Amino acid sequence: MEKHPAFLCIDNPHELYYLRMLRSREKMERKKMEEENQCKRKLRVCVATCNRADYSKLAPIMSGIKMHPDEFGLEVVVLGSHLIDDYGNTFRMIEQDDFDIGSKLHTIVRGEDEAAMVESVGLALVKLPDVLQRLCPDILVIHGDRFDALALATAAALMNIRILHVEGGEVSGTIDDSIRHAISKLAHYHACCTRGAEQHLIAMCEDHSRILLAGCPVYDKLLSSNHRDDYMDIIKSWLGDESQESEYIVALQHPVTTDIQHSIKIYGLMLDALLSFNKKTLILYPNIDAGSKEMVRVMRKKGIEQHPNFRAVKHIPFEQFIQLVKHAGCMIGNSSCGVREAGAFGTPVINLGTRQTGRETGENVLHVRDADTHNKIYHALELQFGKRYPCSKIYGDGNAVPRILKFLRAIDLNEPLQKTFCFPPVRDCISQDIDHILETQSALAVDLGGTNLRVAIVSMRGEMVKKYTQPNPKTFEARMQLMLKMCADAMQDTVCLNCRILGVGVSTGGRVNPQEGVVLHSTKLIQEWSSVDLRTPISDALHLPVWIDNDGNCAALAERKFGHGKGVENFVTVITGTGIGGGIIHHNELVHGSTFCAAELGHIMVSLEGPECSCGSRGCIEAYASGLALQREAKRLHDEDLLKVDGMDMKLTEPITAAHLINAARLGNSKADAVLNKASTALGIGIVNILHIVNPTLVILSGVLASYYQAPVKRIISERALDSAQKIEVVTTDLEEPALLGAASMVLDYATRRIY
């Protein structure tokens, strides 16, 4: 028998060398074949679809993958509402599209409420590991923002499976936003639709090299095959033989899970408007989110399913649905299809409620954010029905799938699985020091009033640790010198008081540019106080950051942080002191205006021919109701010997003030009472004007005259304001030092990285 070379004369050194060379060559050839097989190995792609909406976006990608069997292996996992009879058993359309479904997971816990959604996520997380372990995909493709998709992303991330997220980075209303962004943080790769979505993902610290601006995959189908000769047959099959192109409405409204009752109200109003509009309407049942069961009850209560003008359906095949949308007279509801796919055809759309707030839309979309009756929605139908708009390509140009396939081919399975985030540069961390921990974090607050200059050390809780007061000098140089000295004295005291000053906040009268830290010009109450850079000298002297704003704005900031305005989104503060001022908080933000003169409430004119104001005009609120105005009237009455009444204690050397006028009125002086009545009326009318312009939920009166003016202002509002504004609450401040607290709040909010 002939022996293998391995057994021939291995004692011979030449044959032994030959044997080693042979084995080495075989080993190298084997390694080379393994590397070639690795390069040629198909990329195992698993596409998971949860409902009819996400399948319409994923189907073009699945078709593209299927067309390249030499490069990709496709596995399809179906879960969620695809497998529920009430929602059309839409897994069948996947089978009709000739896709093999590898796994069907029943993951929906019925109930259509918040708890059922949570339980459905939990059930999916229990079932998914076995499926993913069996399929062992290289990459899992997930779409959008559904709670089912969140379960998929969570399971895949924990099982070290790469994730491609389609349509991440977009902004809309409801809990979908949070879910979408959570999936983006779990995903390793992103295929987004718009430039805005790409920028959002970058802002979320995702790696730019792993983000593909692909466009929406469904636009590949919309733009390539949107015209069908049989579209009239499709319309008639769903809406009846009498139906005509552009003479019907497509309605699709889903619940908003973060505000279910409001979304049910809007849904009912939409149905009322459609009933009144009296056009053929194809209405689809809402999705499976919490609140859908109540919406179906509203539909049945209004008899929609039996109404001759309506056709209510659970599911329409996507190819037919897009033809129905394309040729509709109008689409109404809150489906993303209205703000996305409908734009490709120029179909007019009425978007209801907040579900799509933040979405990029074309000019074909008319928004109805809220409504109390169906009239607003009916009017929107009148405006939109039958129109045609230019086609929009915001969400795609028809080439998304080729881009995504190229992106998949470029994925290197050998690169580290752990994703990295591209955080913006931050300062190096500073080690904590026990002395800093034990110190009270505080702000140095400065109030430049018309009479006094005050400095205070204010703690994070708004406590006045120590306060300093001096008469305000009349000249610029003396005022700056005194202010810097008082601040320096306070800084020295902070050591003994165990306070750490985070910065300096300055409240001053006049018009202020807070961005530059400059007093642009002041009232006559503070002389030589125009075009003054306050920030630079204070910051240079104390080596601290400095914030500056108008005293009225500071009062509003104080109320927002420490007072009645805490937690209130929209309110107005009115200061009734030496002058009249105030601040406006709108949507939790302080309103400055384009030239920093917003909320000059004291200079709202309430009379064309009133007394002269310090601003140079006439008839301002301040000319009637300020402390100076009341003092002026008190002196006039005193000079005419009409001020003093029985029971009124007045010394000859005592200066006449507004307090004497108020005291005289309380003791029955009709002249004094008439002056105060006119002042109260002027202030009340001014506040009524504010209510009609800004429409806050709360008015806060502060200053020495606040308690006196509260009752008259309420009376004027009840007499002169619109009905919708009469219930707005008017309160007096509980804060003793709003200007100082407001100055401190600028520092404390910035220092703790909160919005100012």
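Bear in mind that the values here come from a model prediction, so they are computed numbers and not experimental data. When reading the values below, keep in mind they use all heavy atoms of this one structure, side chains included, and skip hydrogens, waters and symmetry mates.
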(message) I need the minimum non-hydrogen distance between L484 and A541, along with the two atoms involved.
(response)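 Residues L484 and A541, closest heavy atoms: CD2-CB, 4.0 Å.
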How long is the gap from [atom1] on [X] to [atom2] on [Y], to the nearest 0.5 Å?
| X | Y | atom1 | atom2 | answer |
| --- | --- | --- | --- | --- |
| Q481 | E477 | CD | CD | 9.5 Å |
| C499 | M491 | SG | CE | 10.5 Å |
| R560 | I700 | CZ | CD1 | 12.0 Å |
| L676 | E633 | CG | CD | 9.5 Å |
| K466 | D489 | NZ | CG | 9.0 Å |
| C620 | R618 | SG | CZ | 10.5 Å |

(request) Have a look at N351 and tell me which of R359, H367, Q356 forms a side-chain hydrogen bond (donor to acceptor under 3.5 Å, both in side chains) with it. (result) H367
(message) I'd like to know whether M483 forms a side-chain contact (heavy atoms from CB on, under 4.5 Å) with L453, so could you lay out the CA-CA distance, the side-chain angles of the two residues, the decisive distance to 0.1 Å, and finally the verdict.
(response) CA-CA 7 Å; M483 179 174 58; L453 196 162; 4.0 Å; yes
Got a donor-acceptor contact below 3.5 angstrom from the [X] side chain to the [Y] backbone?
| X | Y | value |
| --- | --- | --- |
| S459 | S442 | no |
| R500 | T494 | no |
| T576 | S702 | yes |
| D447 | L740 | no |
| E622 | H603 | no |

(request) Test side-chain contact (heavy atoms from CB on, under 4.5 Å) on V730 and I717 and set out the steps. (result) CA-CA 10 Å; V730 179; I717 290 174; 3.6 Å; yes
Is the shortest distance from a Lys or Arg side-chain nitrogen in [X] or [Y] to a carboxylate oxygen in the other one below 4.0 Å?
| X | Y | result |
| --- | --- | --- |
| K671 | E640 | no |
| D370 | K265 | yes |
| D639 | K635 | no |

(message) Walk me through whether E170 and T194 qualify under side chain to side chain donor-acceptor pair (under 3.5 Å).
(response) CA-CA 8 Å; E170 296 182 15; T194 68; 5.5 Å; no
(message) Just by distance, no angles: are the side chains of R180 and S172 close enough, under 3.5 Å, to form a donor-acceptor pair?
(response)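 Checked: R180/S172 side chains pair up, N/O donor to acceptor below 3.5 Å.
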(message) If we count only N and O atoms by modelled type, under 3.5 Å, do the side chains of T697 and E569 hold a donor and an acceptor together?
(response)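 On atom types as modelled, these side chains do not qualify, holding no pair under 3.5 Å.
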(request) Could you go through the side-chain contact (heavy atoms from CB on, under 4.5 Å) check for N570 and N695 one step at a time? (result) CA-CA 8 Å; N570 301 290; N695 193 26; over 6 Å; no
(message) Among V512, D533, N513, V532, exactly one meets side-chain contact (heavy atoms from CB on, under 4.5 Å) together with I548. Which residue is that?
(response) V512
Within 6.0 angstrom of [X] [atom1], more than 12 heavy atoms from elsewhere:
| X | atom1 | value |
| --- | --- | --- |
| R715 | CZ | yes |
| Q726 | CD | yes |
| H379 | NE2 | no |
| R720 | CZ | no |

(request) Check the angle between the aromatic planes of F423 and F421 and answer parallel, tilted or perpendicular using the 30° and 60° thresholds. (result)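 The arrangement is tilted - the two ring planes meet at 30° to 60°.
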(message) Show, in sequence, the C-alpha distance, side-chain angles and deciding distance for V713 and V574, and conclude whether the side-chain contact (heavy atoms from CB on, under 4.5 Å) test is met.
(response) CA-CA 11 Å; V713 165; V574 180; over 6 Å; no
